[in-house]
Each structure stands twice: as C-alpha cells, then as structure tokens.
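In what follows, a single structure is set out as structure tokens and then discussed.
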Amino acid sequence: MAATNKVFVAIIGAGGVGKCFLSQFEALSKRRPTPKLSLCYISTSKKALFSGDYSVATENVLQELAASTKSPLDLPQVADYLAAAPSKVILVDNTSSQDVADSYPLFLSRGISIVTPNKKAFSGSYKLWQDIFTAAATSGAKVYHESSVGAGLPVISTLKDLVETGDEVTKIEGVFSGTMSFLFNSFAPVEGSGGQWSAEVKRAKELGYTEPDPRDDLNGLDVARKLTILARLAGLPVESPTSFPVQSLIPKELESVASGDEFLQRLPEFDSQMEETKSAAEKQGKVVRFVGSIDVGTKAVKVGLETFDKSHPIAALKGSDNIISFYTKRYGANPLIIQGAGAGGEVTAMGVTSDLIKVLSQIS
Ligand SMILES: NC(=O)C1=CN([C@@H]2O[C@H](COP(=O)(O)OP(=O)(O)OC[C@H]3O[C@@H](n4cnc5c(N)ncnc54)[C@H](OP(=O)(O)O)[C@@H]3O)[C@@H](O)[C@H]2O)C=CC1
Ligand SMILES: N[C@@H](CC=O)C(=O)O
Ligand code: NA
C-alpha cells in the first residue's frame with residue numbers, strides 16, 4: 001500500500017468525552033507528524049465547522065465552534081463531504097446518538113473509517129451489527145469502539161484477542177458501569193454509612209460519569225448495551241439489549257417523567273426505596289452492587305442488583321471502577337480480570353484516541 005501522508009479527521013460530538021478527545025487529538029497531532037492529521041469537520045447537534053478545502057484549524061476550535069453560524073450537515077451530506085476528501089478519512093463519533101450510529105454502514109461503505117465510544121451501533125438491532133461489519137469488510141474501512149465497554153480499559157481488544165486466538169470464552173461477569181460503581185461505592189460503602197442516593201446520582205452526573213440522560217444508566221440499559229456488545233463478540237447473536245432480564249433502579253412513580261432534569265429534581269422523594277435495599281443487605285452483613293453476567297454455554301445474559309460479602313473484590317471497588325472477569329478454557333478456574341476507572345472524560349477519550357492510532361496504523 002502506498003504511504004498516505006495526510007489523514008482527515010471528522011468529529012461529531014464535543015461534550016464531556018469530545019472535549020477531552022480534542023485535547024488528546026491536538027497533542028497526538030503534535031507528537032506524530034506523519035501522517036499529518038487534519039481536522040476537516042466538527043459538529044455538535046446545533047453547530048458545525050467545515051470548509052471547501054477540508055481545513056478546520058484545531059486552535060481554539062471549541063470557541064470557533066460555539067461562535068459558528070453553520071448548522072451541522074445532514075448525515076448523508078456528511079458522508080458525501082467526507083467521501084470526496086482528497087485523502088483517507090476517520091470519523092470520530094463522540095455522541096450517544098442513535099441516528100449517527102444508524103449511519104455507520106453508510107460511512108463505512110463510502111470508505112470512511114469510524115472510531116467511537118458510542119454504544120448504540122453495536123448494541124442496537126443484530127441487523128445493524130451485521131450491516132456495520134459487512135460494510136467494513138467490503139470497503140476495507142476500519143471500525144473500532146474500545147470505549148463502548150469499560151471506557152478506555154482494554155476490554156473489547158482483550159475479548160477479541162481471546163476469541164481470535166482460538167480460546168473459548170465460557171463466562172463474562174462483573175461491574176460494567178462507572179456510574180453504578182460510583183453510586184454503590186459511595187452510597188453503600190464497605191465501611192461507614194455512605195451518602196444519600198439521589199445526591200450521589202447528581203454527583204455522578206457532575207463528574208461526567210453518567211450518560212447524557214442519567215436515566216439510561218439507572219434503568220440498567222447502559223449495562224445491558226455493554227453486555228450485548230460483549231456477548232456478540234463472544235459469539236452469541238443477542239438480538240437486542242432488551243432481549244434478556246435487566247433490573248431498573250428507576251422508581252415506578254418516575255418512569256414517565258418528561259426529562260432527565262425533572263427526574264433528578266424528583267429523585268430525592270424516593271431515596272427511602274434504595275435505603276431499604278441497602279439495609280436488607282446490611283442485615284446479612286453484606287453490601288449491594290449492580291452487576292451483569294453472560295453465560296456463553298447457556299446463552300443466559302442478566303443485569304441487576306446482587307449482594308456481596310464485604311471481602312469480595314466487587315464490594316471493595318473504588319470510585320467509578322469497573323471489574324470485568326473473563327472465564328475461558330485456557331485461563332481455567334482463575335479468570336483474566338480487567339479493573340480500573342470505567343467512566344470519565346479523559347479515560348474514555350483515551351480509548352478513542354488509542355483506537356484512532358490503531359486505525360492510522362492500518363490505513364496510512
Ligand atoms: N462519559 C463517560 O464516562 C463515557 C461515555 N461514553 C460514551 O461517550 C459518548 C459521549 O458521552 P459524553 O461526552 O459524556 O456525552 P455529552 O452529552 O457530554 O456530549 C454529547 C455530545 O454529542 C453531541 N450530539 C448529540 N447528538 C448529536 C447529533 N445527532 N449530531 C451531532 N452532535 C450530537 C452533543 O451536542 P449538543 O451539546 O449540541 O447536544 C454533545 O456535544 C456517549 O455515547 C457515551 O455513552 C462511553 C464511555 C464512558
Ligand atoms: N454512563 C456510562 C459511561 C461509560 O460507558 C457508565 O457510567 O459506565
Ligand atoms: Na474499553
């Protein structure tokens with residue numbers, strides 16, 4: 001393959017993760033002069049920066065974006081614009097948008113590679129999953145999504161390595177949500193009395209751990225999406241994240257509130273419900289934690305609350321830590337375990353940036 005001396009990068013989404021990605025991208029561009037990384041498009045849901053000569057300055061890009069009078073292009077227009085670029089293009093999707101995710105087959109079929117922390121494409125319908133990987137295989141464009149599970153922790157790459165080297169994954173289990181980990185570690189700690197449930201939820205949002213709408217974490221769907229992705233990579237064609245049992249921590253009375261903000265405002269009225277769950281575990285000398293598991297043999301996937309002895313590694317997690325155990329034929333009774341921060345802008349952006357580096361090494 002002829003060496004490509006320039007690669008264009010398009011970014012959709014400039015929120016908590018997107019901002020951290022931008023600063024990592026700028027530093028990477030300085031560290032790695034070849035191929036030259038050139039920003040050619042950036043947008044939020046309301047504003048965009050792009051130009052006929054495919055050149056967008058990275059200096060003060062967030063201020064320029066905020067001041068821009070240009071609206072984002074429609075997704076098919078973005079695909080046309082990027083496909084006509086005079087060199088290879090990598091699209092970075094830093095949104096949680098289903099519409100953007102649904103367009104991956106289009107982008108990939110036009111030769112545009114994708115890196116993303118967005119779970120929606122890989123945990124939507126099984127058909128979307130197949131369309132994405134078929135489009136990539138056909139066009140040769142690459143698609144990487146390490147931060148869609150465990151943020152920057154090497155969860156997806158490890159599972160792919162296990163499968164591709166011929167190991168047999170029998171079970172995957174652990175704590176897959178940075179938000180849920182933070183909430184239970186601070187609300188029901190192994191030592192001390194812990195905080196107020198609703199106040200901890202607000203803190204998790206302020207710290208950038210939650211999904212844009214924190215109800216997507218509390219209803220268990222975020223963990224269900226991650227398990228759907230891992231199950232599919234392990235060889236189970238799970239149809240969707242709602243095709244197996246998922247426990248929601250949304251109080252019944254708040255299921256139909258209109259917005260995430262109203263939900264957060266009213267959540268303190270229901271703190272007693274989580275206090276009861278916590279006390280029931282305490283009476284048995286245990287703590288409660290939100291976990292998930294995939295049993296590959298029986299095809300059973302589940303997500304919900306479980307109680308743990310205080311000495312259990314899951315009970316002893318700190319901050320937003322995830323812990324993910326892979327049980328495989330080669331590793332036998334002692335699983336391969338990955339542990340560390342599972343949410344937060346910088347650690348998530350790190351997974352996106354490292355995916356970008358992987359794609360660069362394959363297309364340039
Ligand atoms: N936060 C974390 O710790 C982790 C996050 N992730 C994933 O990373 C992604 C980003 O999360 P986060 O940065 O926290 O979310 P934010 O809500 O902070 O940012 C989302 C960004 O995407 C933009 N956006 C949303 N929809 C569209 C659209 N249709 N077109 C263009 N731009 C759009 C928003 O623009 P506007 O502001 O105009 O709405 C905003 O700039 C999500 O998929 C999340 O699941 C994964 C692992 C960990
Ligand atoms: N909201 C998610 C973010 C990472 O995927 C979480 O809390 O784990
Ligand atoms: Na990861």
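In listed order, ligands and their atoms are each counted from 1. What you see is a predicted model, and the numbers here were worked out from it, not measured in a lab.
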Can you pull out the closest protein heavy atom to [atom]? Residue, atom name and distance to 0.1 Å, please.
{"atom": "atom 37 (O) of ligand 1", "value": "Lys46 NZ, 4.3 Å"}
{"atom": "atom 8 (O) of ligand 1", "value": "Pro117 CG, 3.3 Å"}
{"atom": "atom 45 (O) of ligand 1", "value": "Glu211 OE1, 2.6 Å"}

### Message
Could you check whether any heavy atom of Gly178 sits closer than 4.0 Å to an atom of ligand 1, since that is the contact criterion I want to use?
### Response
no

### Query
Closer than 4.0 angstrom: is that true for some heavy atom of Ile12 and an atom of ligand 1?
yes

#### Entry: Listed partners of Glu275 passing side chain to side chain contact (heavy atoms under 4.5 Å, CB included), at least two apart
Phe187, Lys278

Sequence neighbours excluded and cut-off under 3.5 Å, please list the side-chain donor-acceptor pairs for residues 25-35, or say none.
{"unit_1": "Ser29", "atom_1": "OG", "unit_2": "Phe25", "atom_2": "O", "d": "2.7"}

### Query
Is there a side-chain contact between Arg232 and Phe133, using heavy atoms and a 4.5 Å cut-off?
no

#### Entry: Lys329 atom NZ: more than 12 heavy-atom contacts under 6.0 Å
no

### Task
For the residue pair Phe8 and Tyr54, categorise the inter-ring angle as parallel (less than 30°), tilted (30 to 60°) or perpendicular (more than 60°).
tilted

### Query
With under 30° as parallel and over 60° as perpendicular, where do the rings of His145 and Phe122 fit, or are they tilted in between?
parallel

### Summary
Nearest non-hydrogen contact to atom 16 (P) of ligand 1 from the set Ala343, Ser96, Gly16, Ser148 belongs to Gly16

### Task
Closest by any non-hydrogen atom to atom 47 (C) of ligand 1: pick that one out of Ala101, Gly345, Ser147.
Ser147

Is it true that the side chains of [X] and [Y] contain a donor and an acceptor less than 3.5 Å apart?
{"X": "Asp271", "Y": "Ser198", "answer": "yes"}
{"X": "Ser240", "Y": "Thr242", "answer": "yes"}
{"X": "Glu173", "Y": "Ser293", "answer": "no"}

With a heavy-atom distance limit of 4.0 Å, tell me whether [X] approaches ligand 1 through its side chain, its backbone, both, or neither.
{"X": "Thr95", "answer": "both"}
{"X": "Thr44", "answer": "both"}
{"X": "Lys47", "answer": "neither"}

Show which atoms of ligand 1 fall inside a sub-4.0 Å distance from at least one heavy-atom site of [X].
{"X": "Gly344", "value": "2 (C), 3 (O)"}
{"X": "Pro212", "value": "15 (O), 17 (O)"}
{"X": "Ser97", "value": "26 (N), 29 (N)"}

Are there any protein N or O atoms under 3.5 Å from the N or O atoms of ligand 2? List them with distances, or say none.
{"unit_1": "ligand 2", "atom_1": "1 (N)", "unit_2": "Tyr209", "atom_2": "O", "d": "2.9"}
{"unit_1": "ligand 2", "atom_1": "1 (N)", "unit_2": "Glu211", "atom_2": "N", "d": "3.4"}
{"unit_1": "ligand 2", "atom_1": "1 (N)", "unit_2": "Glu211", "atom_2": "OE2", "d": "2.8"}
{"unit_1": "ligand 2", "atom_1": "1 (N)", "unit_2": "Asp217", "atom_2": "OD1", "d": "2.7"}
{"unit_1": "ligand 2", "atom_1": "5 (O)", "unit_2": "Lys119", "atom_2": "NZ", "d": "2.6"}
{"unit_1": "ligand 2", "atom_1": "5 (O)", "unit_2": "Lys226", "atom_2": "NZ", "d": "3.0"}
{"unit_1": "ligand 2", "atom_1": "7 (O)", "unit_2": "Gly178", "atom_2": "N", "d": "3.4"}
{"unit_1": "ligand 2", "atom_1": "7 (O)", "unit_2": "Thr179", "atom_2": "N", "d": "2.7"}
{"unit_1": "ligand 2", "atom_1": "7 (O)", "unit_2": "Thr179", "atom_2": "OG1", "d": "2.6"}
{"unit_1": "ligand 2", "atom_1": "7 (O)", "unit_2": "Tyr209", "atom_2": "O", "d": "3.0"}
{"unit_1": "ligand 2", "atom_1": "8 (O)", "unit_2": "Gly178", "atom_2": "N", "d": "2.7"}
{"unit_1": "ligand 2", "atom_1": "8 (O)", "unit_2": "Lys226", "atom_2": "NZ", "d": "2.8"}

### Query
If you leave out waters, which protein N, O or S atoms are less than 3.0 Å from the Na ion (ligand 3)?
Glu146 O, Glu146 OE2, Val149 O, Ala151 O, Leu153 O

